[in-house]
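Keep in mind that the numbers below use all heavy atoms, side chains included, and drop hydrogens, waters and symmetry copies.
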2 protein chains.
Amino acid sequence: MRIKTRDRIVLAAVELFNRDGEQNVTTNHIAAHLGISPGNLYYHFRNKEDVIRAIFGLYAEDLASHMAPPSPDEGDSLRTSIRYLDGVLHIMWRYRFIYENLPDLLGRDAQLREDYKQVQRLVFNTLQDHLRGLQAASILLADEQQLAMLSHLFKQLAMFWIPYQLTLHPQEPITQRRLRGLIPQLLFLFRPYIAQPHLAELDEIGRYFSQQDAT
Amino acid sequence: MRIKTRDRIVLAAVELFNRDGEQNVTTNHIAAHLGISPGNLYYHFRNKEDVIRAIFGLYAEDLASHMAPPSPDEGDSLRTSIRYLDGVLHIMWRYRFIYENLPDLLGRDAQLREDYKQVQRLVFNTLQDHLRGLQAASILLADEQQLAMLSHLFKQLAMFWIPYQLTLHPQEPITQRRLRGLIPQLLFLFRPYIAQPHLAELDEIGRYFSQQDAT
DNA sequence: GTCTATACAACGATAGAC
DNA sequence: GTCTATCGTTGTATAGAC
């Protein structure tokens with residue numbers, strides 16, 4: 001079963017955006033990369049923003065599936081946190097161009113702003129649910145206000161980890177390894193609020209992600 | 001004594017970049033805003049990046065003067081922290097367009113990358129010195145590694161506070177009031193590491209900045 | 001659905017007169 | 001130092017044939 005041209009365009013766009021930066025990729029580049037004509041692309045999409053919106057649809061789907069709330073039988077150990085963090089890194093990697101200049105993307109397209117608001121609400125709630133699970137299990141010791149603060153800081157640190165890396169080393173390409181550097185920052189943020197009996201598990205999470213760096 | 005055209009260009013550029021976003025302001029816009037011709041602008045600057053570099057020079061000067069280390073007689077109370085934070089907010093406000101898309105600016109201009117590296121080293125050292133002062137005064141209880149982490153997180157949160165705000169409310173313009181919203185986040189970050197006798201002072205800092213919101 | 005060809009706008013930048 | 005006029009390039013988007 002052949003892949004529809006429309007989908008090939010979306011896939012190619014993601015690839016090129018991630019590789020060269022969304023700003024540097026034109027509709028012509030995408031068409032050329034696929035070996036189709038610019039006119040053909042415009043048959044399937046009204047303009048470049050329309051392509052981006054389609055990608056955003058994929059992004060939203062991916063988020064929903066990868067950051068699903070933990071299944072009830074899994075409990076609320078820090079172990080499920082690994083799954084959650086893995087999901088975060090996976091999404092960040094797959095759609096890294098979005099994180100590279102999100103404010104700009106949103107500034108240009110009102111439709112995208114709406115889509116983003118929806119997605120963001122979902123993400124934030126999932127995160128809060130996750131933290132509340134840890135709270136209920138007496139792993140995370142924080143009141144309502146602290147939990148809200150931690151959620152916001154988590155979100156901000158994760159969202160702008162890639163731009164931050166780009167300011168530190170503007171030339172080096174983003175790699176999955178570099179993305180993982182986010183984890184220690186997040187763990188450090190939460191550490192003061194983790195109950196002592198569970199601090200060892202926190203370190204275990206850190207090791208889990210840093211071990212992958214070695215291979 | 002009349003202001004030189006060259007300087008007027010730089011000043012106008014800052015104003016327009018801050019108001020409309022650097023991406024949306026062309027050399028023609030700047031010239032038109034000043035009532036001079038495009039050709040005239042190109043007599044004074046080789047291109048737009050050259051203008052940005054000039055602005056960056058101002059930025060570096062301003063940083064050096066506003067984030068100077070505390071004078072010795074001031075001691076290392078949390079009170080000097082207010083001065084420091086005030087400086088940070090002042091710079092962020094004056095050159096907010098820089099923070100709006102720093103990765104992009106750096107990505108385009110190798111010269112700017114070098115300038116930025118210099119400036120960044122200065123900023124980071126000043127921050128670390130400041131924290132070390134608090135540490136020496138037994139206000140901040142943190143080992144070397146924690147202090148490094150806190151510095152990095154401080155920097156990341158401050159640098160991307162504006163882009164973060166832009167994702168939350170892409171339409172609303174950045175105001176000084178919104179900038180001040182950064183302060184509670186920073187205080188929250190440091191709170192677990194502040195010695196108990198000084199927690200009250202921390203809250204005082206918070207009040208200092210939130211009181212300004214009311215006026 | 002796909003192609004070729006092209007119109008159109010915006011921006012960066014320069015030449016040459018004053 | 002400053003202006004007018006203009007060129008070249010690039011990216012978006014459409015028209016019309018196949």
Side-chain angles (χ1 to χ4, degrees), chain A residues 1-56 97-98 100-101 104-113, chain B residues 1-56 97-98 100-101 104-113:
Chain A
M1 173 165 163
R2 240 174 81 272
I3 306 175
K4 283 192 182 330
T5 298
R6 191 190 149 89
D7 295 332
R8 293 179 58 219
I9 293 172
V10 174
L11 271 284
V14 173
E15 184 187 336
L16 292 184
F17 288 164
N18 278 337
R19 198 188 64 188
D20 303 330
E22 180 268 334
Q23 318 243 37
N24 306 314
V25 178
T26 71
T27 48
N28 285 351
H29 288 139
I30 300 171
H33 184 73
L34 286 170
I36 68 173
S37 67
N40 194 355
L41 187 149
Y42 277 93
Y43 171 79
H44 290 283
F45 294 93
R46 288 182 57 236
N47 50 38
K48 186 176 161 185
E49 288 179 356
D50 203 20
V51 176
I52 295 177
R53 268 179 232 129
I55 296 177
F56 219 79
F97 82 90
I98 291 182
E100 262 173 52
N101 65 349
D104 196 53
L105 288 174
L106 297 180
R108 273 182 272 151
D109 183 354
Q111 174 62 49
L112 211 59
R113 281 200 283 281
Chain B
M1 172 166 163
R2 238 175 81 271
I3 306 175
K4 283 192 186 318
T5 298
R6 191 192 150 87
D7 295 333
R8 292 179 59 220
I9 293 173
V10 174
L11 271 285
V14 173
E15 184 188 337
L16 293 184
F17 288 164
N18 278 337
R19 199 187 63 188
D20 302 330
E22 180 268 334
Q23 319 243 37
N24 306 314
V25 177
T26 70
T27 48
N28 285 351
H29 289 138
I30 300 171
H33 184 74
L34 286 171
I36 67 173
S37 66
N40 195 354
L41 188 148
Y42 277 93
Y43 171 78
H44 291 281
F45 294 92
R46 290 181 56 235
N47 50 38
K48 187 176 161 185
E49 288 179 357
D50 203 20
V51 176
I52 295 177
R53 268 179 232 131
I55 296 176
F56 219 80
F97 83 89
I98 291 182
E100 262 172 52
N101 63 350
D104 197 53
L105 288 175
L106 298 180
R108 273 183 272 153
D109 183 353
Q111 174 63 49
L112 211 58
R113 281 199 283 280

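A distance of 9.0 Å separates CD1 in A:Ile30 from CD1 in A:Ile36, rounded to the nearest 0.5 Å.
Between B:Glu15 and B:Arg19 there is no salt bridge, since no side-chain nitrogen of the basic residue lies less than 4.0 Å from a carboxylate oxygen of the acidic one. Salt bridge annotation for A:Arg108-A:Glu22: present, with a cationic side-chain nitrogen under 4.0 angstrom from a carboxylate oxygen. Residues A:Lys4 and A:Asp7 are not paired through a salt bridge, judged by the lack of any N-O separation under 4.0 Å between the basic side chain and the carboxylate.
Scanning all heavy atoms of the two residues, the minimum distance from A:Leu41 to A:Thr27 falls at CD1-O, 3.7 Å.
Candidate nucleotides D:dT4, D:dT12, D:dT2 were compared by shortest atom distance to the side chain of B:Asn40, and D:dT2 ranks first. Looking at the side chain of B:Thr5, the nearest of the listed nucleotides D:dT12, D:dT2, D:dT4 is D:dT2. If you check C:dC3, D:dT4, D:dT12 against the side chain of A:Ile36, the one that comes closest is C:dC3. Closest to the B:Ser37 side chain, of the nucleotides C:dT4, C:dG12, D:dC3, is D:dC3.
A close approach under 4.0 Å does not occur between any side-chain nitrogen or oxygen of B:Tyr42 and OP1 or OP2 of C:dT14. The side chain of B:His44 places an N or O atom within less than 4.0 Å of a non-bridging phosphate oxygen (OP1 or OP2) of D:dT2. Checking the phosphate oxygens (OP1, OP2) of C:dG12, a side-chain nitrogen or oxygen of B:Thr27 falls inside 4.0 Å. At D:dT2, none of the side-chain N or O atoms of B:Tyr43 fall inside 4.0 Å of OP1 or OP2 (strictly under the cut-off).
Note on A:Asn47: only backbone sugar-phosphate atoms sit closer than 4.0 angstrom, heavy atoms only; bases stay farther off.
Taking atom CZ of B:Arg108 as the reference point, atom P of C:dC11 lies 14 Å away to the nearest angstrom. Taking atom NZ of B:Lys48 as the reference point, atom P of C:dG12 lies 6 Å away to the nearest angstrom. Between the P atom of C:dC11 and the CD atom of B:Glu49 lies a distance of 16 Å, rounded to the nearest Å. Atom-to-atom, CZ of B:Arg46 to C1' of C:dG12 comes out at 13 Å; the value is rounded to the nearest Å. Rounded to an integer number of Å, the gap from CG of A:Leu41 to C1' of C:dT4 is 16 Å.
Between A:Gly39 and A:Asn24, the residue anchored nearer the 5' end of DNA chain D, judged by the nucleotide with its closest heavy atom, is A:Asn24.
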